[in-house]
Amino acid sequence: MRKIILLCSAGMSTSMLVEKMKQAAQAENYECTISAHAIAEAAEYGADADIVLLGPQVRFNLAKVKGMVSCPVEVIDMAAYGLMDGKKVIAFVKKVLGD
C-alpha cells in the first residue's frame, strides 16, 4: 500500500486530480492512498508518505519540501495536471517508486 501526497497552494486545486488518480489506481489494482493538502502542511503529511507530488503552481517549493521529507518529491507534469490525467500521474508515481 503506497501513500501518495499531493501538495498545492491550499489543498483544493488538486482535489479533482486526486479523484482521477484514485479511479486510475483502482482500474489498475494499484493499492494506494492519495490525498491533497496545502503546501504549508508538507512536513506533517509528507512525513510518512511514499511520494510527495507538487502541483505545478507550487513547483518553486521543490527544494524546500525535499528538505522536509525523506521520500521522493516530484512536480506533477503541467500537461497531466491541466488535463486532470490521473492515469498519467499514477504511471509517473509507479515509475518513480519502481512499482
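Positions are given from 1 along the sequence. In this text, all values refer to a predicted model and were calculated from it rather than measured experimentally.
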Audit row: I5, L53, side-chain contact (heavy atoms from CB on, under 4.5 Å) steps and yes/no: CA-CA 6 Å; I5 300 297; L53 301 175; over 6 Å; no

Stepwise side-chain contact (heavy atoms from CB on, under 4.5 Å) test for V58 and S9: CA-CA 7 Å; V58 295; S9 297; 3.7 Å; yes

Give, for atom [atom1] of [X] and atom [atom2] of [Y], the distance between the pair rounded to the nearest 0.5 Å.
| X | Y | atom1 | atom2 | result |
| --- | --- | --- | --- | --- |
| Q57 | I39 | CD | CD1 | 9.0 Å |
| I34 | Q23 | CD1 | CD | 10.0 Å |
| M16 | M84 | CE | CE | 5.5 Å |

Distance-minimising heavy-atom pair for P56 and I76: CG-O, 3.6 Å

Single-linkage hydrophobic cluster L83~L17, side-chain heavy atoms < 4.5 angstrom: no

Within one Ile-Leu-Val-Met-Phe-Trp-Tyr cluster: V73 and M78, side-chain cutoff 4.5 Å: no

Stepwise side-chain contact (heavy atoms from CB on, under 4.5 Å) test for C71 and D50: CA-CA 6 Å; C71 64; D50 290 298; 5.7 Å; no

Criterion side-chain contact (heavy atoms from CB on, under 4.5 Å) on L7 and T14, from CA distance to verdict: CA-CA 7 Å; L7 299 175; T14 53; over 6 Å; no

Extract all donor-acceptor atom pairs below 3.5 Å that involve side chains of residues 40-48 and protein atoms in other chains or at least two apart in sequence.
residue	atom	partner	partner atom	Å
E41	OE1	A38	N	3.3
D48	OD1	K3	NZ	2.6
D48	OD2	K3	NZ	3.3

For S35, side-chain hydrogen bond (donor to acceptor under 3.5 Å, both in side chains) partners two or more places apart: H37

Report, one line per pair, each donor and acceptor closer than 3.5 Å where one atom sits in a side chain of residues 90-99; sequence neighbours left out.
residue	atom	partner	partner atom	Å
K94	NZ	E28	OE1	2.9
D99	OD1	R2	NH2	2.7
D99	OD2	R2	NE	2.9
D99	OD2	Y30	OH	2.5

Contacts of K22 that satisfy salt bridge (Lys or Arg N to Asp or Glu O under 4.0 Å) - sequence neighbours left out: E19

Where at least one partner belongs to residues 63-82, residue pairs that pass salt bridge (Lys or Arg N to Asp or Glu O under 4.0 Å), sequence neighbours excluded: D77-K88

